[in-house]
Structure formats: structure tokens, C-alpha cells
Amino acid sequence: MTFITKPSLKHKQLPTNALGLTRRDYEGSVSTLCAGCGHDSISAAIVRACFELDLPPHRIAKLSGIGCSSKTPTYFLGKSHGFNSVHGRMPSVATGASLANRDLIYLGVSGDGDSASIGLGQFAHAMRRGVDMVYIVENNGVYGLTKGQFSATSDRGATSKRGVVNNDEAIDLVALALQLGATFVGRSFSGDKDQLVPLIRAAISHRGAAFIDCISPCVAFNNHDGSTKSFDYVREHNEAVNSLDFIKTRKEITADYAPGTLQVLTQHDGSVLHLRKLAADYDVNDRVAALHHLQSRHAAGEILTGLLYVDPTPADLHTYHHTPRTPLNALNEPALCPGANALARLNSSLR
Ligand SMILES: Cc1ncc(C[n+]2csc(CCOP(=O)(O)OP(=O)(O)O)c2C)c(N)n1
Ligand code: SF4
Ligand SMILES: [Mg+2]
């Protein structure tokens, strides 16, 4: 994979976070994507979210498949762990890594081709199993890396740059994630940092499968009239259900929201989500209503964004499998080989 190292010069007045790190400490190599690609804005949002959360970079593992989107982990979090896997196979690598070491924060970055075509099965199983990870799809409606073929998230009736019409129905990964049991589901737009950064921060703090579909225009192949994933189209049809504030630890609520429009959600780690409801009747804890709202707004030609669903008491793969807190590589010999008596007890329990 090509990359250009960034000069390590840092301006002395760059703000630092609680760890004494600057935003530069969360960046990666210089991006080689097309100038203006939405994916670069998502990388910048990830950098900002991790900086603001004071995350030690070595506690993060970034994983990806193949595509322009899957190249992006090279361009952020240069001091974190990274695994650039095979096309569509990021979720199984993330599942294995998460099971082996639950001390890391897993950040999976994928594309609509990577997750909605070749990797659809893998995506589905990561969601239904509740793999504890943040799963971001950088959704541009095309296979950018292989020069702009329609992907499975491309809307029926959308046209390619050359005017070819897409006749196939689109797969909505948000609807799938909701249906498959993801415990945090959001959609955003690469051009809306005010929405995207808190959404990523909240997803990182969520324990369980957190899915974010981020519309990310491909300026080279899918930013023309006739595309439903272009900057202009998304700006004109974006319907946000809520605006999100994220507060890392439990704090008294002092924000001056109008009564009845604020929803406060506390996550397992004590972090607090403040949701200002833009759609008055929108309930972020109702999975079925979220699916209904999503589909009815889609039928009206709108792209619903914001935090669409969150389970306030989520369970994840570790909960279901009673995995040990200790990473597997740190288990000692007695834990790994509990002895003949333990084996006899296990065998008799199976008779
Ligand atoms: C097994 C396999 N099949 C096909 C390809 C060719 N290929 C590379 S990237 C890609 C699609 C990428 O699209 P997407 O995931 O949407 O990423 P984008 O480039 O749009 O960000 C394909 C089909 C491949 N690398 N490996
Ligand atoms: S081809 Fe499209 S997706 Fe790939 S870097 Fe260029 S603008 Fe981004
Ligand atoms: Mg794509």
C-alpha cells in the first residue's frame, strides 16, 4: 500500500488533551485519495473523536477490507494497531481479534462495496453476534477504487457518471443493522462534522456492535447530477432526527434545552448522550419505530441521519460467551491448563 509519511513537526501552541497529546498524534500518513474525497473528512472526524476522548493510540486497533475507504486507516491513528485484511473480510478479523483481546477498542472501516456486496454475510454476522466494535461504512454508492461501478447501496434509478441507470434495488445497511440486532445504529454525512464527530465518540464509548453508515461522496465517480450520494444531493435531502452532544463522564446536565426536546442517555461507562430531538416523535430506543421511520422517510426521498437507535443496556459477544476479561495472550498456564480434575468435571457434565 502506498503512503507518504507526514513531517513530524508540531506547532508548539497546538492544544493538548488530557494525555498531553495533540491532534497530530492521532493522524496517520498523508492521504493519497483524490482531493475532496469524502473519506478524508471521515478520517479527520475519527482523528478528532479519538483526540477528544483522550484515547491512548496504542489501545485502538483499526481494521479494514479493500477499497479507497479501506485504505484510509493508513491516514489516521498512525500509532495504533492496524490490520488491512481481504476484500469483505474485515468483520471476521475484527471478531477474532476482539475475542482474543477485549482490552482494545476495535474500529472497523469499510466501504459499501466491501460490506454490502462481497462482505455482506460477514457484516450481517458481526451485527447479529454483537461484536464489540465501531463499524463505519464509508458509503459512496460505487466501487471507487475500481473506477466507479455501481455498488449494492446505489439507489434504483441513480445514474453513473456516464449516464447508465442502476436498475437494482439498494441495500440499506442501516435497516439491516437494525434488523440484525446492532445495539447502536447511526447515519451521518462526511460533510457534517458537527454531527459525525459526536456520533463517532458515542459509538466508541458504546459496548456492543455500533454501526455508522456515513455517506461519503466519491468526487471522481459519483458526484454528478443523477447520483443520490453526491454532496449536493445529500445536502438537499438530509433529514436529521436529532442533534447529538456527547459527554465523556457523568456530569450534571446544565445545557439549556427546551423541555420535552432533550433526551438524556447514560451508557455503561457513565458517558452521557444528550439528544436534542429534531423530529418530535422520534424515540431513539425503539428499534421497530426506527425501522419504520427510516423506511417511510426513504420512500419520501429523504436520507435520515443522526443517532437512529441505541440500546441503553446492550449485550455483546463477550456477554453471550462469558469470555475472560484477561486477553488470551496474558492468560497464565494454570488458566490455560486447569488440570485433569477440571477436564473430568467437564467430561462428566457432557455425559
Ligand atoms: C476478492 C476481491 N474481489 C474483488 C476485488 C476488486 N475490488 C477492489 S476494491 C473493490 C470495491 C471497493 O468498493 P468499496 O468497498 O465501496 O470502496 P470504495 O473504493 O468505494 O471506498 C473491488 C471490487 C478485490 N480486491 N478482491
Ligand atoms: S476514487 Fe472516489 S472514493 Fe476513491 S479516492 Fe477518489 S474520490 Fe475517493
Ligand atoms: Mg464505495
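Computed from heavy atoms alone, side chains included, the values below leave out hydrogens, waters and symmetry copies. First listed ligand is number 1; within each ligand, the first listed atom is number 1.
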Return the residue, atom name and 0.1 Å-rounded distance of the protein heavy atom closest to atom 7 (S) of ligand 2.
Val219 N, 3.4 Å
Could you tell me whether some N/O pair between His39 and ligand 1 is separated by less than 3.5 angstrom?
yes
Nearest protein heavy atom with distance in Å, relative to atom 25 (N) of ligand 1:
Ile66 CG2, 3.6 Å
Protein contact of atom 17 (O) of ligand 1 - nearest heavy atom, named by residue and atom, plus distance:
Ser69 OG, 3.2 Å
Would you mind telling me if ligand 1 is within reach of the side chain of Cys68, the backbone, both or neither, using heavy atoms under 4.0 Å?
both
Looking only at protein heavy atoms, what sits closest to atom 6 (C) of ligand 1 is Thr146 CG2, 4.0 Å
Less than 4.0 Å is my threshold; does some heavy atom of Gln149 fall inside it relative to ligand 1?
no
For atom 15 (O) of ligand 1, grab the closest protein heavy atom and report residue, atom and distance to one decimal in Å.
Asp114 N, 2.7 Å
Distance under 4.0 Å to a non-hydrogen atom of Asn140: what atoms of ligand 2 satisfy this?
3 (S)
Counting each atom of ligand 2 from 1 as listed, which ones have a heavy atom of Phe221 under 4.0 Å away?
1 (S)
Under 3.5 Å side-chain donor-acceptor pair for Asp40 and Ser43:
no
Shortest non-hydrogen contact from Gly141 toward Thr153:
CA-OG1, 3.6 Å
What's the shortest distance from atom 8 (Fe) of ligand 2 to any protein heavy atom, and which residue and atom give it?
Cys37 SG, 2.4 Å
Which bit of Cys68 is near ligand 2, meaning a heavy atom under 4.0 Å away: side chain, backbone, both or neither?
side chain
Is Gly111 close enough that one of its N/O/S atoms sits under 2.8 Å from the Mg ion (ligand 3)?
no
Hey, is there an N, O or S on Thr153 sitting under 2.8 Å from the Mg ion (ligand 3)?
no
What protein heavy atom sits nearest atom 16 (O) of ligand 1, and how far away is it?
Gly113 N, 2.7 Å
For the backbone of Arg59 and the side chain of His81, can you confirm whether one donor and one acceptor N or O come within less than 3.5 Å of each other?
no
Between the side chains of Ser64 and Asn84, is a donor N or O closer than 3.5 angstrom to an acceptor N or O?
yes
Atoms of ligand 2 close to Leu33 [distance to a heavy atom under 4.0 angstrom, numbered from 1]:
5 (S)
So for Ile118 against ligand 1, with non-hydrogen atoms under 4.0 Å, the contacting part is side chain
Taking a hydrophobic cluster as the set of Ile, Leu, Val, Met, Phe, Trp and Tyr residues connected by side-chain heavy atoms closer than 4.5 Å, whether directly or through intermediates, do Val47 and Leu19 fall within one such cluster?
yes
Taking non-hydrogen atoms only, is Lys147 closer than 4.0 angstrom to ligand 2 via side chain, backbone, both or neither?
neither
Ligand 1 atoms nearer than 4.0 angstrom to some heavy atom of Gly144 are 18 (P), 19 (O), 20 (O)
Qualifying residue for side-chain hydrogen bond (donor to acceptor under 3.5 Å, both in side chains) with His125, from Gln122, Arg128, Arg129
Arg128
Atom name of the N, O or S atom in Asp112 that lies nearest to the Mg ion (ligand 3)
OD1
Can a side-chain donor-acceptor contact be found between Asp132 and Ser98 if the only test is distance below 3.5 angstrom?
no
How close do Gly306 and Val241 get, heavy atom to heavy atom, and via which atoms?
CA-CG2, 4.4 Å
Closest protein heavy atom to atom 13 (O) of ligand 1, given as residue, atom name and distance to 0.1 Å
Tyr143 CA, 3.4 Å
Which of the numbered atoms in ligand 1 are under 4.0 angstrom from any heavy atom belonging to Val142?
16 (O), 20 (O)
Looking at Asp213 and Arg187, is any side-chain nitrogen of the basic one under 4.0 Å from a carboxylate oxygen of the acidic one?
yes
Say whether, by atom type as modelled, one donor and one acceptor occur between the side chain of Lys62 and the main chain of Leu77 under 3.5 angstrom.
yes
Give me the nearest non-hydrogen protein atom to atom 24 (C) of ligand 1 as residue plus atom name, then the distance to 0.1 Å.
His87 CD2, 3.7 Å
Any idea which protein heavy atom is nearest atom 6 (Fe) of ligand 2, and the distance to it?
Cys34 SG, 2.3 Å
Please determine whether side chain to side chain donor-acceptor pair (under 3.5 Å) holds for the pair Ser80 and Tyr26, giving the CA-CA distance in whole Å, both sets of side-chain angles, and the decisive distance to 0.1 Å.
CA-CA 9 Å; Ser80 298; Tyr26 293 85; over 6 Å; no
Can you find a pair of side-chain heavy atoms, one from Ile204 and one from Cys50, that are under 4.5 Å apart?
yes
In terms of hydrophobic clustering (I, L, V, M, F, W, Y; side-chain heavy atoms under 4.5 Å; direct or indirect links), are Ile60 and Phe51 co-clustered?
yes
Please confirm if an N, O or S atom belonging to Cys218, backbone or side chain, lies less than 2.8 Å from atom 2 (Fe) of ligand 2.
yes
Salt bridge or not between Lys229 and Asp155? Use side-chain N to carboxylate O under 4.0 Å.
yes
Using 30° and 60° as the class limits, which term best fits the ring planes of Phe211 and Tyr135: parallel, tilted or perpendicular?
perpendicular
